[in-house]
Structure formats: C-alpha cells, structure tokens
Amino acid sequence: MLNIFVCVKQVPDTETKVIPNSDGTFIETSSIKWIMNPYDEFAVEQALLIKASNAGATVTVVRVGGSKDTEALRTALAMGADEAILVEAGDNLDSYMIAKAIKGAIDKSGKKPDLVFAGKQAIDDDCLQVPQLLAQMLDMPSVSVVVGFEMNGTKLNLKREIEGGSLEVYEVDGPVLVACNKGLNTPRYASLPGIMKAKKKPMAQHSLADVGVTDADRRVKYSGFTLPPEKPAGKKFEAMEEGQRAGVVKDVVGLLRNEAKVI
Amino acid sequence: MSKVLVLAEIQGDDVKSVAYEILGKLAGQSIDVAAIGSIPAAAAEKLAKHGAENIHSLKGDKLDHYTPEGWSNALKNFMSDKGYDYVFSGATATGKDLIPRLAGMFDAGMASEVVNFTFDGGTFAGTRPLFAGKCLAKVEIQGPKPHFVTVRPNALGMPTSENAKAGATNEASVDAGTIRAFVKEIVKGASEKLDLTEANVIVSGGRAMKNAENFKILNELADVIGATVGASRAAVDSGFAPHAMQVGQTGKTVSPSLYIACGISGAIQHLAGMRTSKVIVAINTDPDAPIFTKADYGIVGDLFEIVPLMTKEFKALLG
C-alpha cells in the first residue's frame, strides 16, 4: 500500500498586479485571485498517475496557509486526490516553518510516506526551499526540477533538469521526495463529477500549534515590500517601412555599443 | 566582522563568476572559499585577489558529480568545526538544490536568490525579488547559525576593485556519507551555451516566431553576440521551444546585461521574469505592445526583417 503525499501551495494568479500593503510587511491580498501553484499541478498529476497503476495507493494533499479560500486543496481533490490536510496559518510563513508544518502534518496522519511530491518552486516567494528542507526533515533523499519519472516497483528513475537543458538521471530505491517541473506530465482538468465528489472527501484541519510550529521557528523576516523602480522611458524607433530598417538597426546597434556599452 | 564561507563551483579552469561577484560585496568580512573538487590554481589566485583568506578544495569518494545528499553531507562534515556565521553560494542549478538541504541540516535559515546585500556591523540584510520580481523586499535571517544565502548570478556585477588577502590553499578530505539518490548518467543538452539564468546576453522569441524552425534566425544572432536563446510562455505553450528555454514567472527569472525580445508582446508574467535585465531591446510590429514600456531601445518592426539585419550589423561590428 503506497502512501503518497503531495505538497501544494496557494499563490496569486500569474496575471495578478502585485501591490505592497500599506506598512510594507507583505502584499495587498484582499482582491487577489488565488490558484494552485502552477508547478504543484504537475506534482498532483504524477501522484494520480501512480495511484492509477497501484491498487490501494492513497494520495493525500497537504497545504499550509490561510483558510478563507481553499482553492488549491479543492482543485487537488477534484483532480482525484483521496484526502486533504490543511494547516491553518498566515500567508507569509517562511520556508522553514512551512516545511516543519508539513512534516508535522505527515507525522500526525499516522501514515509513513513512500513518496512525497511537490512543485519545484512556488511562484509567490520563489524561495525553492521547502522540498529540500522537508526531505531533510523526513530523512529522505530528494530530487528537484524533475522532468522525467519512471517507476519499477520501488525503484525510481528520475530526470532532473540542470543548466542548458542538460539532465541528471537519478536512481533511487525507496522513499524519495520529488520536486516537479513543467514538462513532467500534462495535468488533468478537474471534471464536473470530480468537483462534486471532492466536496465529500475528508479534509483534516490543524493549527500550527497542532503540528508543532511556533513563532520561534521563524528563520526569515521580510520587511519593506516595494515595487521595483520604474525604468525611465526608452527610445523607440519606427521601422515598419523597408526604407527605415537598415538605418534603425545600425542606430540601435551603435547605441548598444556606445551608449549602453553592453556589446 | 563575520566569518563567511563562500561556496564556489568549478567550471573548466575557473570557478563560476558569481563567486567573484559575492566576494566583491563581502569586503570587510573574514572570508574563506570552498569548492568540491580541485580549485584550479588560476582561480585560486583570482579568489585571493578578491578577498579569500583560505581556499579549500574538498575531496572524497562519490563526490565527482553533484548529488544533493553527497555534497550536503560533505559540506556539513567540512564546516562542522569552522564556526562560520554565514555561507554564501550562487543561485545556480546546484546552489538552489544544495543550499536548502544543507541549511536544513543546521536547522538554519536561508535567504534565497538575493540581488543585493549589505553587512551592517557584521549582520546580513539582503534585497530579493518576490512574485517573480513584481516587488522587492528586505530579507533578514534569524535563529541558529550559520545563516545561508544564495545570490542570483549577474545581479551584483563583478568587483571593480581588488581586496587582496592571503588565499592559503588547502586540500581537505570529506565524507559523502550515505547517498540514496545517486546520479547514474548525465544527458547533455543540445546547447553548449550558458544557462539562461547565468547568461550575460539573451535573445528571446515570442508567439510571433510562428514555429520552431524560425528560431534559427535567433540562434544566428545569438551565435554572433554570444547570447543564450530564450522564449516566452506563449512560444513554449505553442510548442516552438522547450520549457528549459522559458523566461518568466513560470519559467526562468533572468538578469542579463542585454535582453533582446523578438516578437514578445510582454505579458505581466514575462516582464516579471526579465525586467531586471540591464538593457532591454524590444522588436515588435505592435507599437502599443507592453514590452515597449520596459524597453531601453524599442524597434517597431517585423522581427523577420529586423533580426537578420541586426545579425549582419553585429557581425560587421564584432568582426
């Protein structure tokens, strides 16, 4: 019986215009449309693919965050996950607290994880820490930025993308945490019956204290959220007509050399 | 003054340049450099010039190629009696995977991918982009030491002055411990060029490229100016380019000296991934495309006409 855990995070939609809040301690969250972190969709899908070919396998999705909106967990359940665990917390925990809370939630579930999936990074804080930290806390190996996954019994063959599109091919026998990248699979859409069924699936709720996380676990402190400085307006050249092109290109190449000094 | 370890990555007969960028910013602290493998003599000399007091080449079985467990075990083993306050690394493919695991071994905090930092009274404070660069925030680390920091390549810039220190070289043998996930094989990518996240010049194509074959003209331009080729999400989702080439919030965040956007309209999520580029050139037929608001030099024109002309012009300029 395979116990599969999937870590999901809820993040602002990629089209969100991000605005710092009034005291600069975080961003304005009142009008944000929340979605499941895009990389986590690949993690959920991979877990479901394994479940489909392993009778008795269960997929548990875990999320740490605000409880007002549980879009990410509901999406995962509607896609086909069996159960969900929500650890209620603010939206601006650091990676260490999140990893520790997920570890606590997994321990509390009483199931020993055989496989843990996560997205390779969350597109809100872009820290890329939770998968590796969690693996360390669970005393598991981890492979990140995974774009290829093969499973033969307990043996896994994982392809990790590194620089320039090169791949490291990992072999693991036994429990492992897999942090997924785009390209690993094609995440399914939640079907209407899936969405209906999801409403009846169990969702455990814990507080941070329940899973052993306190303020003393905070390792990283953020302040002074600001918008990046606006660039001054650049130079624009009209080159739709054939007669303009060569001159414009010559000018721009000259500017890159002599004004911007980047070539 | 803090005691700082900078982890370098050996690349050919040098180390990745982000190590020098970090050293330049650490003047005033007591700095050691370590790398897994043999640090080439020429690199050691340069590291000393930029402030390294001790330079450690770490060697041991099963460390020839990176594995998260092997390298983190080895570094923990090496660091155990050194009393470092801070450990710095580049936010490279290896650094991004290795450092959080290593930080976890010390129950310590980590600031990811900072683009700037200061040491006030020996205490680190960094600046890092969040939401793919849509905003910036100050980041500080607390709790048990050492504190860990990764730095985005190209963000700090190379040091402009020297800070020569002894640079004593040392070889240490380290233990890789138990490796459960091991690398069986490395499949080389088609591109021998620098990865997008480390590239100094990038030429990117968008939906207007129309198909994968047309990326040929971007490759030709890239070859002339030593650039790495990227793509927008629209181009990747349309199958013109693999995801490894995607620049943006759900791809790679880049900060090259020069970014040339060809036929990219400039969706928020793309702009977020490339707006910290030092100089941006945009080529687009739509004069109202949002990309022009971020461009230092905008060319309203057809990329299929402009790009080949540009290649020719750069070829003439650079010989």
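Here is the naming used below: chain letters follow the sequence lines, and residue numbers restart at 1 for every chain. Below, all heavy atoms of this structure are taken into account, side chains as well, without hydrogens, waters or symmetry copies.
- Taking 4.0 Å as the cut-off between side-chain N and carboxylate O, Glu163(A) and Lys188(B) do not count as a salt-bridged pair.
- Top candidate by heavy-atom pairs under 4.5 Å with chain B, chosen from Ser223(A), Ser144(A), Pro12(A), is Ser223(A).
- At a heavy-atom cut-off of under 4.5 Å, chain B is reached by Asn157(A) from residues 147-158 of chain A, listed in order of number.
- Rounded to the nearest 0.5 Å, atoms SG (Cys127(A)) and CD (Glu113(B)) are 9.0 Å apart.
- Among Ala316(B), Ser112(B), Gly301(B), the residue making the largest number of heavy-atom pairs under 4.5 Å with chain A is Ser112(B).
- Of the two parts of Val176(A), neither the backbone nor the side chain holds a non-hydrogen atom closer than 4.5 Å to a non-hydrogen atom of chain B.
- With a 4.5 angstrom heavy-atom cutoff, Met240(A) touches chain B via backbone and side-chain atoms both.
- When heavy atoms are compared at a cutoff of 4.5 Å, Asn181(A) approaches chain B solely by way of its side chain, counted from C-beta outward.
- In summary, Asp237(B) and Lys182(A) engage in a salt bridge, as defined by a charged side-chain N under 4.0 Å from a carboxylate O.
- Contact annotation for Gln142(B): both backbone and side-chain heavy atoms come within less than 4.5 Å of a heavy atom of chain A.
- No side-chain donor-acceptor contact under 3.5 Å links His243(B) and Glu161(A).
- Between Met140(A) and Arg101(B) the shortest heavy-atom distance is O-NH2, 2.8 Å.
- Contact of Arg218(A) with chain B is made through backbone and side chain together, with heavy-atom distances under 4.5 Å.
- If you measure heavy-atom distances from Pro228(A) to chain B, the contacts under 4.5 Å come from both the backbone and the side chain.
- If you measure heavy-atom distances from Tyr96(A) to chain B, the contacts under 4.5 Å come from the side chain alone.
- Neither the backbone nor the side chain of His147(B) comes within less than 4.5 Å of any heavy atom of chain A.
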